[in-house]
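Please find one structure pasted underneath; my questions will follow.
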There are 2 protein chains.
Amino acid sequence: MAKKNAFYAQSGGVTAVINASACGVIETARKHKDKIGKVYAGRNGIIGALTEELIDTTKESAKAIASLRYTPSGAFGSCRYKLKSLEANKREYERLIEIFKAHNIGYFFYNGGGDSADTCYKVSQLSEKLGYPVQAIHVPKTVDNDLPITDCCPGFGSVAKYIAVSTLEASFDVASMAKTSTKVFVVEVMGRHAGWIAAAGGLVEDHGIPVVILFPEIEFDQKKFLAKVDAMVKKHGYCSVVVSEGCHYPDGKFLAEQGTRDAFGHAQLGGAAPVVANMIKEAHGYKFHWAVADYLQRAARHIASKTDVDQAYALGKAAVELAIKGQNAVMPTIDRISDKPYKWKVGVAPLSKVANVEKFMPRDFITADGFGITAKCRNYLLPLIKGEDYPPYKDGLPQYVRLKNVAVPKKLAGFKI
Amino acid sequence: MAKKNAFYAQSGGVTAVINASACGVIETARKHKDKIGKVYAGRNGIIGALTEELIDTTKESAKAIASLRYTPSGAFGSCRYKLKSLEANKREYERLIEIFKAHNIGYFFYNGGGDSADTCYKVSQLSEKLGYPVQAIHVPKTVDNDLPITDCCPGFGSVAKYIAVSTLEASFDVASMAKTSTKVFVVEVMGRHAGWIAAAGGLVEDHGIPVVILFPEIEFDQKKFLAKVDAMVKKHGYCSVVVSEGCHYPDGKFLAEQGTRDAFGHAQLGGAAPVVANMIKEAHGYKFHWAVADYLQRAARHIASKTDVDQAYALGKAAVELAIKGQNAVMPTIDRISDKPYKWKVGVAPLSKVANVEKFMPRDFITADGFGITAKCRNYLLPLIKGEDYPPYKDGLPQYVRLKNVAVPKKLAGFKI
């Protein structure tokens with residue numbers, strides 16, 4: 001059998017550690033040159049495959065590839081581009097196979113969340129049918145931590161650490177000011193459907209911080225929430241609120257959708273944080289501050305979790321090893337062996353069981369009143385934020401790498417996406 | 001002469017390193033027990049002096065005091081409480097002197113910005129007049145970097161580092177997503193009058209990031225701004241915008257004041273970031289993300305600048321040494337000796353020249369078009385964010401200290417503020 005090349009692509013929103021997975025894929029492939037040829041990467045994700053914009057990673061030095069381990073974002077570019085069902089969009093799947101055939105690609109490593117797991121699965125099925133079988137391996141990545149089977153997703157641990165550290169620090173700040181000034185601090189975090197990131201804010205309770213969490217899994221009850229905040233402020237003098245962007249009313253309307261209009265009558269896009277903060281001010285008169293972390297949270301490689309970086313790398317490495325072992329349509333997973341001490345190993349899951357399944361916070365991870373996390377949740381989260389893994393600095397700033405991203409010469413005609 | 005005690009208070013918005021100054025004050029006073037008695041701290045700042053809520057710092061272990069060096073926020077509590085002029089509010093100044101007399105306090109260390117420098121100066125003048133002379137030393141602190149004479153203010157370097165690092169990371173993120181998704185990232189930073197913090201965002205240009213800065217010193221010109229952003233996106237595929245909370249129109253109206261109303265007709269408080277982001281979307285259709293860093297930036301001890309921490313400590317130490325040398329109504333300053341290599345020493349400034357003077361960005365620190373920083377500004381900023389000074393971690397979170405804050409028994413009757 002002729003040695004095949006590999007194709008690697010990053011999908012969806014990037015994270016602080018997705019490049020650590022890329023690093024794991026490329027370094028491991030380079031160690032197995034007898035089995036795997038070149039690793040090509042998709043420029044801007046799967047779109048790069050469709051348009052034949054492939055990047056030749058062999059043009060990058062070992063040092064540059066090693067630097068991916070501590071560089072946030074997607075080094076080859078990512079995209080939000082979901083391939084439709086096979087029936088609706090067979091043309092694109094066939095194009096992928098054509099590209100793979102033209103560039104002698106026998107391995108497809110797709111680094112993303114639920115949607116890309118689905119695409120990965122379909123590519124594996126179709127390539128078989130079309131007589132050019134490709135081993136498709138999904139490398140999990142999502143800050144939302146919402147993939148099934150794997151105990152956690154690379155990307156999540158670092159956001160969780162960022163939110164826990166930031167909430168702790170801002171809460172110390174509010175505590176200092178509360179006597180005459182700010183009494184409530186509200187921070188908005190990512191997580192449209194699943195409240196894992198918001199839950200991380202709850203870890204500051206161990207440091208004596210009064211905190212109220214608003215999960216997307218719990219329908220927002222304004223009266224109960226305002227009473228809770230008031231009780232916290234009366235007891236502690238201040239409190240912090242961590243609100244998930246996905247927090248919504250019983251009718252499904254997000255808190256952020258307030259139907260606000262500017263002076264010209266245009267609808268205003270706002271965050272959930274200012275809405276919650278103003279709500280508290282109106283009900284109780286407490287002075288507030290609010291923050292929206294947005295990209296800062298998922299890009300914050302400077303405060304990445306060492307556990308997360310190690311796992312991101314390990315899953316990239318495992319993907320290549322699974323490919324070499326002849327596996328197909330699978331995803332390497334993090335399997336938790338124990339909480340204390342935290343032990344984990346790499347497992348493997350069939351993509352048929354990963355695609356299109358979303359993992360929410362279990363109800364017993366959330367306190368009975370819906371505003372906090374339980375000991376069970378704490379035991380789950382704590383190992384995931386453990387350890388620091390600082391990038392190197394020069395002149396005050398991290399030395400993140402930019403790759404050369406040299407294009408592979410095209411072999412096929414153009415393709416309209 | 002009987003040995004006098006000292007009084008230390010934190011004033012105004014706290015920072016990531018104000019406790020490092022407290023650490024410098026207390027550790028240095030402890031080394032000079034022959035000259036200075038106990039260090040009392042004001043619970044919640046100057047209010048603690050007025051209400052006789054003094055904290056006995058001698059009850060804290062050496063380890064606890066040493067931990068202040070890496071703990072953000074104000075360990076004794078701060079307050080936003082400005083004493084009015086002597087004429088308007090002689091009663092409060094007299095109360096301060098009474099308290100100092102009752103507790104044998106001969107040294108007043110006031111750690112704050114412009115307002116507290118002014119208070120400090122007045123206390124020194126009045127105490128003389130009232131026949132109980134107190135040596136009043138101001139320890140500079142402000143994230144805004146707007147105090148005169150001193151080359152920079154403790155607190156600023158760490159916020160500057162946080163904003164530079166965060167803008168760099170988020171910009172890497174946007175660059176990855178720009179092909180099919182987010183093209184513009186807007187981050188709002190502190191600085192109501194002075195654009196020093198916003199300027200720090202400009203440091204990412206050295207890392208190849210296209211960035212547009214909106215300073216409070218430059219009147220907002222919407223047309224010019226939108227053209228600039230469009231040109232950046234057309235050239236680079238994406239861009240980042242750093243907007244100061246103090247950015248305003250020529251008529252003085254802040255960008256954040258958009259007269260927005262919610263569904264009930266209530267005025268909505270918003271940030272400048274969503275306003276700027278929506279403006280770009282409407283003009284050019286670019287998909288955006290926005291963040292408001294708020295307290296996260298000034299509390300971010302986890303990414304503090306080593307230069308800043310060292311200087312905060314040095315000025316606390318210097319304040320005590322100046323007191324011992326018999327100085328009064330002064331403020332220790334950072335004097336820059338050279339940029340490259342960066343060298344600085346501690347100087348001293350008379351409070352009469354510090355009080356009520358605000359230091360803005362010089363025009364030649366801002367590019368001609370008003371949207372960037374010059375090489376001169378870069379040379380000024382770079383040394384201030386240099387070096388990392390990580391706090392210790394346990395189980396994934398920084399081990400910030402909480403003091404016991406034991407009360408000093410009261411000796412006087414109550415006082416209404």
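First the proteins, then the strands, lettered A, B, ... as listed; each starts at 1. This structure is a prediction, so every number in the text was calculated from the model and none was measured.
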Indicate the atoms forming the closest heavy-atom contact of B:A291 with A:D294, along with that distance.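 Taking every non-hydrogen atom into account, CB-CB, 3.9 Å.
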Are any of the side-chain heavy atoms of B:P72 and A:E169 separated by less than 4.5 Å?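 Sidechains of A:E169 and B:P72: in contact.
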Per-residue contact mode, A:T180 against chain B (heavy atom under 4.5 angstrom):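 Only the side chain of A:T180 comes within 4.5 Å of chain B.
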Looking at A:A273, A:S78, A:P383, A:C79, which makes the most heavy-atom pairs under 4.5 Å with chain B?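 Among the listed options, the one with the most contacts to chain B is A:S78.
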Holding to side-chain hydrogen bond (donor to acceptor under 3.5 Å, both in side chains), I want the full list of residues that pass it with B:K161, two or more places apart in sequence or in another chain.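 Applying side-chain hydrogen bond (donor to acceptor under 3.5 Å, both in side chains) to B:K161 gives B:E388.
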Max heavy-atom pair count under 4.5 Å with chain A, selected residue of B:T182, B:L203, B:V204, B:T15: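 Top option by heavy-atom pairs under 4.5 Å: B:T182.
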A:V14 and B:F172, any side-chain heavy atoms less than 4.5 Å apart: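 Heavy-atom side-chain distance check fails, nothing below 4.5 Å.
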Just wondering, more than 12 heavy atoms not from B:K287 lying within 6.0 Å of its NZ?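 Yes - once you tally the heavy atoms of other residues, nucleotides and ligands closer than 6.0 Å, there are more than 12.
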Among B:G12, B:A299, B:A300, which has the most heavy-atom pairs under 4.5 Å with chain A?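 Maximum pair count with chain A is reached by B:A299.
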Under 3.5 Å, is there a donor-acceptor pair between the B:S171 and A:Y295 side chains?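 No, because no side-chain N or O of B:S171 sits under 3.5 Å from a partner of the opposite role on A:Y295.
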Taking side-chain hydrogen bond (donor to acceptor under 3.5 Å, both in side chains) as the test, write out the residues that go with B:T71, two or more places apart.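 side-chain hydrogen bond (donor to acceptor under 3.5 Å, both in side chains) check on B:T71 returns nothing, list empty.
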Option that, when pairs with chain A are counted at under 4.5 Å, heavy atom only, ranks first among B:V187, B:T167, B:T307, B:D395: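 Winner by heavy-atom pair count: B:D395.
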Hey, is the main chain of B:G77 close enough, under 3.5 Å, to the side chain of A:S176 for a donor-acceptor pair?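 Judged by distance alone, no pair lies under 3.5 Å.
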Close side-chain approach of B:Y390 and A:I303, heavy atoms under 4.5 Å: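 SC-SC contact between B:Y390 and A:I303 ruled out.
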At under 4.5 Å between heavy atoms, what parts of residues 43-51 of chain B are in contact with chain A? List them by residue number.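 Result: B:N44, B:I47.
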Do A:S181 and B:R80 come within less than 4.5 Å of each other through their side chains, counting heavy atoms only?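 A:S181 reaches B:R80 side chain to side chain.
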With chain A as the partner, which of B:K179, B:K386, B:H302 has the greatest number of non-hydrogen pairs under 4.5 Å?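 Max contact count across the listed options: B:H302.
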Note, A:Y393 side chain near B:I385 side chain (heavy atom, < 4.5 Å):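 They are not in side-chain contact.
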Can you name the residues of residues 396-404 of chain B that have some heavy atom under 4.5 Å away from a heavy atom in chain A?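 Within residues 396-404 of chain B, the residues under 4.5 Å from chain A are B:G396, B:L397, B:P398, B:Q399, B:Y400, B:V401, B:R402.
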For chain A, which of B:D206, B:L384, B:L382, B:D173 has the most heavy-atom pairs under 4.5 Å?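 Looking at each of B:D206, B:L384, B:L382, B:D173 in turn, B:D173 comes out on top.
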Counting heavy-atom pairs under 4.5 Å to chain A, which of B:K281, B:R298, B:R301 comes out on top?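 Between B:K281, B:R298, B:R301, the count favours B:R298.
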